[in-house]
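Reading through the structure tokens given below for one structure.
Just so you know, residue 1 is the first one in the sequence shown, and it goes up from there. In this text the structure is predicted, and so the values were computed from the model without any measurement.
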Amino acid sequence: MPEKHIHIIIDKHKSLPAILAKYKSFRLYIIDDALDVLHAAWKLRKDVVTIWVKRGRFANNQVPIPGFNPNKVISNLEEAISVIEKA
């Protein structure tokens, strides 16, 4: 995948609407270590595939979000490749 389609951003909540709109015609995967970011993406676009990287400083401090479960839970970014390839 060309790097122009990989978005690493600081203000994720602010940038999500534009990113989701940019790829509205594509199957989109959002990968993050914060459940609230994945939930925000899912609220904006229900067909987005959410992948939670359950590691690092946020992993043990996440509070479950009622009515939301990420599509996949992985422990490192390398696992995301196989999730996407199997889809």
With hydrophobic residues grouped by side-chain heavy-atom distances under 4.5 Å, do I84 and V49 end up in a single group? yes

Listed partners of D11 passing side chain to side chain contact (heavy atoms under 4.5 Å, CB included), at least two apart: H13, K14

When every non-hydrogen atom of V48 is compared with those of L28, the smallest separation belongs to CG2-O, 3.4 Å

Check residues 38-45 and write down every donor-acceptor pair under 3.5 Å in which the side-chain atom is one partner and the other belongs to a residue at least two apart or another chain.
| from | atom 1 | to | atom 2 | distance (Å) |
| --- | --- | --- | --- | --- |
| R45 | NE | D47 | OD1 | 2.6 |
| R45 | NE | D47 | OD2 | 3.4 |
| R45 | NH1 | L20 | O | 3.4 |
| R45 | NH1 | Y23 | O | 2.9 |
| R45 | NH2 | F26 | O | 2.4 |
| R45 | NH2 | D47 | OD2 | 3.3 |

Return yes when atom NZ of K12 has more than 12 non-hydrogen atoms of other residues, nucleotides or ligands closer than 6.0 Å, and no otherwise. yes

The reported gap from CH2 in W52 to CG in D33 (rounded to nearest 0.5 angstrom) is 9.5 Å

Are L16 and F68 connected, step by step, through hydrophobic side chains (Ile, Leu, Val, Met, Phe, Trp, Tyr) whose heavy atoms are closer than 4.5 Å? yes

Under a 3.5 Å distance rule, please check whether E79 uses its side chain to pair with a backbone N or O of I74 as donor and acceptor. no

Linked, directly or transitively: L35 and I51 (ILVMFWY side chains, under 4.5 Å): no

Applying a strict under-4.5 Å side-chain criterion to I, L, V, M, F, W and Y, I'd like to know whether Y29 and V73 cluster together. no

Nearest-0.5 Å distance that lies between atom CD1 in I31 and atom NZ in K72: 13.0 Å

Do side-chain atoms of N71 reach the backbone of T50 as a donor and acceptor pair under 3.5 angstrom? yes

